[in-house]
Amino acid sequence: MTARLPPLNSLKAFEATARHRSVKKAAAELNVTPAAVSHQIKALEDHLGVQLFRRYNRALELTDGARACLPKLREGFDNLVQAVERLRAYRGAGMLTVSAPPSFAARWLMPRLHRFLAAHAEIDVRVSARVRQAADQGRGAAAERATLDDWMADSDIAILYGRGEYPGFQVEELLPLTVTPICSPKLLADPRHPLVGPEDLRHHMLLHDDTGDLYDGESFWELWLNAAGVSGVDTRRGPHFSHAVLALEAAIEGLGVVVTLPVLAEADMHAARLLTPFALRVSLISAYYLVCSEASATRPAVAAFRQWLLAEAAKEQKA
DNA sequence: ACGCTTACGCCTAGACCACC
DNA sequence: GGTGGTCTAGGCGTAAGCGT
């Protein structure tokens, strides 16, 4: 079927050059030198016997023939990408790779996963705890997209903490989020400084879950204290933790009070290791989102996991 | 100085063939 | 069938040249 096709790289070079109207920019995109791109285009013109560009000094113009074939060529590349994605999605039909932030994986997913495994013994689940680097912050949509592409290249489904702006993927909000102070019951009973009202926080160690800085700009402590109308608490003091799970462990040990996501502390609250001393919960702009590619969404294992996850999240919100 | 093309040469992978 | 040598195509880089 492909016997009459010129080399694929020549077509890639042509498409990139036509899109950028520049050999240099196409070369940068393809990670080769401009000479290599020029070679490819020349080879393609020789192969087809058709001139593709009119060359001017420091400028290129597509010929009518080239312009006419470009839409079909792009469509062809799009189809290739989709076909390859579909093939990737089918590696190990009964294997499911789920990427999730470490704290979510440990504190929300793990306590529930046994129910999915019991109902779907034929599916082998691989959970991959992934960290979005703080360096991604502020690098713009392209960097965000590159990180997401990287995650999705080896995951069937991903749970992301963010704002749900992931074009090109199937995205569903899994859990809207709130934050509130969480601490050990021991702190409430502290005879010297009982934790009765938010003002009493000035007498306690503040534990910082730094996850909040990544996507909401403001620290969780600042967010909650502002909403509570409390002043006079120095939010600069206290230890910082890169993951909510670490801050929660510190809280369990009675080190202090952390403002973080109560959804990550349910099991500990149920076991009376932790509690929320104040009723106020402040909603976040960010939420946990369920993300998968169009291609992998059609896989039965992915569909089953997605459905189960959304049902678990719905139960959570009703509770 | 810049963007592009061209000549030349190197490297790699695959096809083909002869030989064991 | 396996191995080794040769040829060819594809891919790319460097250096030089061209025109503005």
Side-chain angles (χ1 to χ4, degrees), chain A residues 1-97 99 124 126 128 130 132-133 135-156 158 166-169 291-296 298-299 302:
Chain A
M1 187 169 69
T2 58
R4 290 179 298 135
L5 275 181
L8 196 58
N9 271 357
S10 298
L11 293 170
K12 277 167 66 183
F14 164 56
E15 193 279 328
T17 307
R19 183 160 28 87
H20 291 294
R21 295 287 194 278
S22 160
V23 171
K24 192 184 177 189
K25 287 177 185 166
E29 178 184 311
L30 298 170
N31 290 318
V32 295
T33 61
V37 173
S38 186
H39 280 314
Q40 295 287 3
I41 293 169
K42 183 74 172 54
L44 185 61
E45 288 179 326
D46 290 347
H47 188 282
L48 300 172
V50 172
Q51 193 185 359
L52 298 169
F53 292 101
R54 276 186 283 275
R55 276 90 167 163
Y56 302 106
N57 292 309
R58 304 172 70 166
L60 291 173
E61 187 182 84
L62 281 167
T63 60
D64 292 343
R67 197 173 288 118
C69 82
L70 255 183
K72 281 286 173 197
L73 189 60
R74 286 189 182 132
E75 192 185 322
F77 278 123
D78 287 345
N79 286 336
L80 266 178
V81 168
Q82 282 177 21
V84 170
E85 273 184 13
R86 196 155 293 189
L87 282 173
R88 279 206 181 108
Y90 272 85
R91 73 195 143 187
M95 168 113 82
L96 184 74
T97 304
S99 292
D124 291 324
R126 191 177 139 246
S128 173
R130 305 288 289 262
R132 276 217 272 189
Q133 299 302 322
D136 288 346
Q137 188 188 10
R139 280 169 59 212
E144 183 91 348
R145 176 69 197 205
T147 307
L148 184 59
D149 284 343
D150 184 42
W151 274 44
M152 298 311 294
D154 54 10
S155 305
D156 300 302
Y166 313 119
F169 290 96
V291 182
C292 61
S293 70
E294 302 283 345
S296 69
T298 60
R299 283 186 56 203
V302 173

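Any value given below was found using the heavy atoms of this structure, including those in side chains, with hydrogens, waters and symmetry copies removed. Protein chains get the first letters and strands the later ones, always in sequence-line order, with residue 1 at the start of each.
Distance NZ (A:Lys24) to C1' (C:dG13): 17 Å, rounded to an integer number of Å. Spacing between atom CG of A:Leu44 and atom P of C:dG10 amounts to 12 Å, rounded to whole angstrom units. Atom NZ of A:Lys12 and atom C1' of C:dG10 are 13 Å apart (whole Å). Between the CD atom of A:Gln40 and the C1' atom of C:dG13 there is a distance of 13 Å, given to the nearest Å. In this structure, A:Lys42 atom NZ and C:dC12 atom P are separated by 17 Å, rounded to whole Å. The separation between A:Lys25 atom NZ and B:dC4 atom C1' is 14 Å, rounded to whole Å. Put simply, CZ on A:Arg21 is 13 Å from P on B:dC4, counting in whole angstrom units. Atom pair A:Ile41:CD1 and C:dG11:P shows a separation of 13 Å (rounding to whole Å applied).
The shortest heavy-atom contact between A:Val23 and A:Ser38 is CG1-N, 4.3 Å.
Under the side-chain contact (heavy atoms from CB on, under 4.5 Å) criterion, A:Ala26 pairs with A:Ala16, A:Thr17, A:His20, A:Val37, sequence neighbours left out. With sequence neighbours left out, A:Arg74 forms a salt bridge (Lys or Arg N to Asp or Glu O under 4.0 Å) with A:Glu15.
Closest to the A:Ala35 side chain, of the nucleotides B:dG3, B:dT6, C:dG11, is B:dT6.
Here A:Thr33 reaches the OP1 or OP2 of C:dG13: one of its side-chain N or O atoms lies under 4.0 Å away. Phosphate contact (OP1/OP2 of B:dT6, side-chain N/O of A:Ser38, threshold under 4.0 Å): absent.
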